[in-house]
Amino acid sequence: MVDWIDIEFELTRRTQYWKLNGLIEKMTGRKEFPEALNLGGGKTATRYKLRVQEPDFAVLRQVITGIDTKYGFATSPYIAGIEISVDFYPKRPSSDARARLHGVLVRHFFPTTRVLKTNRRWPRFMPGRLKKTDFTIGRNEIDDSLDIGDRMAPGMDRPALYGSTYYVGERDDPSAFWRIQNKELDKQNKAAGTRDKLSEDKKRVRIEVTLGQEGCREIGLVHFADLETLRFTRLQKSFFQFMKPTFGVIRPSTVRAASTAVKRKVEEYRRERFLNAGVLGLQIREDAREELRALEMPTIRMLHRRSGTKMPVRLRAGSGAYGTMVAYEELTRMVERALAGLQRKVRKEMEV
């Protein structure tokens, strides 16, 4: 479903937000409270942002037309943000089933490696075990050399708690921000202190992606009319992707017993990292390993020259750019079907 959508528009004449709200309420029966972006004298503005929760796009089209008729648009309204969610329900509703489902989604969620570019975007959960927010991967930001080791070793990992909300990306990021949560409540209004407690069969695990203006442009969503042709199914690859890790099978060797033991330990660490922090955590470990390899490469080459040996061929168990991962096909198909259903719903409301 579309949780909410932000429409920004500029009017040809100034007005107060409550007058716009009155016009919207007449058409929809709902208060939407448009936000003034260039507030001036008499608390009037020409530029507004309108956030519509759980939009019916047929009704939203009427609202946009109504505002244009009364005030006129200086420029075409554009989409500044959108939040899309996919809900997962266990076949047999229970707390244990949702806990398992939560663990599967958190461990296999692999939206896009761009989120690993800065630390603040890394996987984390709230509330944490030790702090308000705990990162799943330990870091040492004081010493870069120790930081590589911490990113590779699973000893400082903190698995996301079942009752927590798992985050990837940075809030208010112009591109994308993700949440995975066990949804037991609906229609929460913290200011009013109201909420709906869901029955067991309606409780689910939800993945939400919030796209900022850059994220909207990336998927081809600029103007309201773009919803008519938006391919929601294409969101799966960039924003709702799931992967499986691959692990090496280390066979016993009497000739190189020490090397075999090291390789086994490495695979143990990789398995432990996956169980603690999922495929994103495993990718963080692989990236740190590449950094360490680059730092040690001059020494490795020198040792091979001295001994007259060649660099071993690197084998990757998976495929594609991230060779230790393979697609989680069953989850991928489920998400594609859900997004296809959303696409049909939106196009019907947009009268396509």
Side-chain angles (χ1 to χ4, degrees), residues 1-17 19-28 30-39 44-86 111-112 114 169 171-178 208-240 338-352:
M1 63 178 291
V2 175
D3 291 312
W4 52 258
I5 189 168
D6 282 345
I7 309 285
E8 290 193 13
F9 53 87
E10 184 175 359
L11 307 175
T12 55
R13 57 190 176 90
R14 304 184 72 85
T15 190
Q16 295 163 314
Y17 86 89
K19 289 184 178 178
L20 274 177
N21 185 57
L23 177 64
I24 295 168
E25 193 175 3
K26 272 185 183 179
M27 290 185 283
T28 66
R30 290 171 49 172
K31 289 183 169 68
E32 297 293 355
F33 303 107
E35 176 190 352
L37 300 177
N38 61 340
L39 198 61
T44 63
T46 56
R47 291 179 54 240
Y48 283 90
K49 179 171 77 174
L50 175 64
R51 173 166 293 185
V52 181
Q53 302 282 346
E54 298 183 13
D56 178 319
F57 291 103
V59 175
L60 185 51
R61 182 199 292 274
Q62 293 172 10
V63 168
I64 291 172
T65 302
I67 294 172
D68 188 24
T69 300
K70 184 160 185 180
Y71 295 98
F73 289 133
T75 57
S76 248
Y78 67 91
I79 295 174
I82 191 170
E83 185 170 276
I84 298 165
S85 65
V86 179
T112 168
R114 285 176 299 174
R171 195 181 296 275
D172 297 324
D173 191 296
S175 180
F177 170 62
W178 294 263
E208 299 171 342
V209 61
T210 304
L211 301 182
Q213 192 167 330
E214 286 180 14
C216 288
R217 301 302 173 268
E218 184 180 328
I219 64 173
L221 198 53
V222 180
H223 301 293
F224 182 73
D226 292 333
L227 287 161
E228 296 177 1
T229 55
L230 179 63
R231 298 282 295 276
F232 280 90
T233 50
R234 289 184 177 174
L235 271 65
Q236 185 276 322
K237 187 172 183 181
S238 295
F239 303 107
F240 293 102
L339 292 172
L342 176 60
Q343 182 172 296
R344 288 192 296 272
K345 177 180 181 292
V346 171
R347 289 189 177 183
K348 182 179 178 182
E349 292 174 359
M350 294 293 291
E351 298 178 1
V352 178

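All values derive from a computational prediction rather than experimental measurement. Values reported hereafter were calculated over all heavy atoms of this structure, with side chains retained and with hydrogens, waters and symmetry mates removed.
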- With K345, which residues qualify under side chain to side chain donor-acceptor pair (under 3.5 Å), at least two apart? E349
- Message: For residues 208-236, which residue pairs pass the ring pair (Phe, Tyr, Trp, His ring centres under 6.0 Å) check, not counting sequence neighbours?
- Response: none
Run the side-chain donor-acceptor check on residues 65-72: report pairs under 3.5 Å with partners two or more places apart or on a different chain.
from: T65; atom 1: OG1; to: R61; atom 2: O; distance (Å): 2.9
from: D68; atom 1: OD1; to: F73; atom 2: N; distance (Å): 3.1
from: T69; atom 1: OG1; to: T65; atom 2: O; distance (Å): 2.8
from: Y71; atom 1: OH; to: T15; atom 2: OG1; distance (Å): 3.4

- Query: Taking C-beta and beyond as the side chain, do L50 and L20 meet within less than 4.5 Å on heavy atoms?
  - Reply: no
- Message: Just so I know, are the side chains of I84 and L235 near enough to count as touching, which here means a heavy-atom distance under 4.5 Å?
- Response: yes
- Taking side chain as C-beta onward, heavy atoms only, is I7 less than 4.5 Å from V63? no
- Query: For E214, what residues pass the side chain to side chain donor-acceptor pair (under 3.5 Å) criterion, not counting sequence neighbours?
  - Reply: none
- Message: Test of understanding: with side-chain contact (heavy atoms from CB on, under 4.5 Å), list the residues that count as partners of L39, not counting sequence neighbours.
- Response: A36, K43
- List in chain and number order the residues that pass side-chain contact (heavy atoms from CB on, under 4.5 Å) with R347, two or more places apart in sequence or in another chain; answer none if no residue qualifies. R231, Q343, V352
- Partners meeting salt bridge (charged side-chain N to carboxylate O under 4.0 Å, His left out) with E32 (sequence neighbours left out): R30
- Query: Where do R217 and Q213 land on the side-chain contact (heavy atoms from CB on, under 4.5 Å) test, with the steps shown first?
  - Reply: CA-CA 6 Å; R217 301 302 173 268; Q213 192 167 330; 3.4 Å; yes
- Quick one: side chain to side chain donor-acceptor pair (under 3.5 Å) partners of R51, sequence neighbours excluded? D6
- Go through V52 and T28 one step at a time and tell me if the side-chain contact (heavy atoms from CB on, under 4.5 Å) criterion holds. CA-CA 11 Å; V52 181; T28 66; over 6 Å; no
- Task: With rounding to the nearest 0.5 Å, note down the distance linking CD1 in I24 to OH in Y17.
- Result: 12.0 Å
- For K26, check salt bridge (charged side-chain N to carboxylate O under 4.0 Å, His left out) against everything at least two apart and list the hits. none
- Query: Counting only N and O atoms by type, is there a donor-acceptor contact under 3.5 Å from the side chain of W178 to the main-chain atoms of F239?
  - Reply: yes
- Message: Using the side-chain contact (heavy atoms from CB on, under 4.5 Å) criterion, which residues pair with E8? Sequence neighbours excluded.
- Response: L37, R47, K49, Y78, A80
- Query: What residues form a salt bridge (charged side-chain N to carboxylate O under 4.0 Å, His left out) with D56, not counting sequence neighbours?
  - Reply: none
- Item | Minimal non-hydrogen separation, F33 against N21, with atom names | N-OD1, 3.2 Å
- Note on the structure: Distance col, row R171:CZ vs T210:OG1, nearest 0.5 angstrom, shows 8.5 Å
- Check: L211 and L221 side chains under 4.5 Å, non-hydrogen atoms: no
- Is N38 reaching over with its side chain to a backbone N or O of T46, donor-acceptor style, under 3.5 angstrom? yes
- Using the test side-chain contact (heavy atoms from CB on, under 4.5 Å), find all partners of M1 that sit at least two apart in sequence or belong to another chain. D3, E54, S85, R206
- What heavy-atom pair brings F9 and P77 nearest, and what distance separates the two atoms? CB-CB, 4.0 Å
- Shortest non-hydrogen pair, Q16 vs Y48, comes out as C-OH, 3.4 Å
